[in-house]
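Below: the structure, in structure tokens.
The structure presented is a predicted model; accordingly, all values stated were derived computationally and were not measured. In what follows, chains carry the letters A, B, and so on, assigned in the order in which the sequence lines appear, proteins first and then strands, with residues in each chain numbered from 1.
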Amino acid sequence: MATCLIGCRIVSDAPEGRTVARITETEAYLWNDAAAHSFRGRTLRNASLFLERGHAYVYFIYGNHYCFNVSGDRAGVGAGVLVRAAEPLDGFELIRARRGMVRDLDLLRGPGRLAQGLGISREHDGLDLTTGKRLWIAPRVRPVPNVGVTVRIGITKECELPLRFYDADSAHVSGPKRLR
DNA sequence: CGGCTGATGATCT
DNA sequence: GATCATCAGCCGG
């Protein structure tokens, strides 16, 4: 699931306009994974992780940022994929207006930046990403020949599992250089 | 470049 | 009251 998403496109339709980006980096969170938000069972906040595969789970973290996930298993199973980075494809001006004056490479590089640049917030939590309303995922146009794997970033539990995936040929990827 | 830190608020215990 | 799947800004090399 996490590797399936690499190279797919996220389309976000907002009142201000449409933005499109190509996913370059993901992290998997499993159903029995101490690092996953679903680990201690379903709550009001994480309920979307338990929806059928392909629904949005958006949460607010550190007082400033949203993170965008895609639920990854059957209904009732709390698993998902955090989308950590993407490359802008369309709606460049809108993404930049949301993100401010940063390097092009940093527009959507990192989960909080990605959500900000694409205008994703808790309003999108629970949306079905396969039906093409407001926010959806479109298939890859081209295959991604080189997918790298590393440990996940920024977590305090299960730090050693190799569940972070990224397009090794893209510069639009987050994390320290040694992790690429 | 890498390393560190403060901001900031929802969520859960 | 602690925790947190982050980021921008600042510092030193």
**Message:** In whole Å, I'd like the distance from the CZ atom of A/R45 to the P atom of C/dC4.
**Reply:** 10 Å
**Prompt:** For A/R84, which contact category applies under a 4.0 Å heavy-atom criterion: base, sugar-phosphate, or nothing?
**Reply:** sugar-phosphate
**Asked** Relative to each other, are the rings of A/H37 and A/Y57 parallel, tilted or perpendicular (30° and 60° limits)?
**Response** perpendicular
**Asked** Quick one: the side chain of A/Y62 and the base of B/dA7, do they pair up donor-acceptor inside 3.5 Å?
**Response** no
**Asked** If pairs are Watson-Crick or G-U with both distances under 3.5 Å, what is the dot-bracket string of DNA chain C, marking crossing pairs with [ ] and pairs to another strand with |?
**Response** ||||.|||||||.
**Complete:** Rounded to whole Å, the CD-C1' distance (A/Q116 to B/dA7) equals 15 Å
**Request:** When you get a sec, tell me which of C/dT6, B/dG9, B/dC12 is the closest nucleotide to the side chain of A/F60?
**Result:** B/dG9
**Asked** With a 3.5 Å cut-off and no angle check, do the side chains of A/R109 and A/S174 form a donor-acceptor pair?
**Response** no
**Request:** For A/W136, look at atom CH2 and say whether over 12 heavy atoms of other residues, nucleotides or ligands are found less than 6.0 Å away.
**Result:** yes
**Prompt:** Please give, in whole Å, the distance from C/dA8 P to A/I61 CD1?
**Reply:** 16 Å
**Request:** State which of C/dC7, B/dA7, B/dT11 makes the closest approach to the side chain of A/N64.
**Result:** B/dA7
**Item:** Under 4.0 angstrom between A/R40 side-chain N/O and B/dT11 OP1 or OP2
**Value:** no
**Prompt:** Does OP1 or OP2 of C/dC4 have a side-chain N or O of A/T156 closer than 4.0 Å?
**Reply:** yes
**Request:** May I ask you to evaluate whether A/R122 reaches the phosphate of B/dA10, defined as a side-chain N or O under 4.0 Å from OP1 or OP2?
**Result:** no
**Message:** Does C/dA8 have its OP1 or OP2 closer than 4.0 Å to a side-chain nitrogen or oxygen of A/R99?
**Reply:** yes
**Prompt:** Starting at CG of A/L5 and ending at P of C/dA5, how long is that distance when rounded to a whole Å?
**Reply:** 20 Å
**Fill in**
note: A/F39, atom CZ; C/dA5, atom P; distance rounded to Å ~ 13 Å
**Asked** CD of A/E25 versus P of C/dA5: gap in Å, rounded?
**Response** 16 Å
**Asked** Does A/K157 have a side-chain nitrogen or oxygen under 4.0 Å from the phosphate oxygens OP1 or OP2 of C/dC4?
**Response** yes
**Request:** Would you indicate whether A/R140, at its atom CZ, is surrounded by more than 12 heavy atoms from other residues, nucleotides or ligands within a distance under 6.0 Å?
**Result:** yes
**Request:** Report yes if a side-chain nitrogen or oxygen of A/H65 is closer than 4.0 Å to either non-bridging phosphate oxygen (OP1 or OP2) of B/dT8; otherwise report no.
**Result:** no
**Prompt:** Checking all strands, does A/G112 fall into the base, sugar-phosphate, or nothing category for heavy-atom contacts under 4.0 angstrom?
**Reply:** sugar-phosphate
**Asked** Could A/R152 and A/Y29 be counted as a cation-pi pair, given that NZ or CZ must be under 6.0 Å from the ring centre and within 45° of the axis?
**Response** yes
**Request:** Determine whether more than 12 heavy atoms belonging to other residues, nucleotides or ligands lie under 6.0 Å from atom CD of A/E123.
**Result:** no
**Message:** Around atom CZ of A/R122, are there more than 12 heavy atoms from other residues, nucleotides or ligands closer than 6.0 Å?
**Reply:** yes
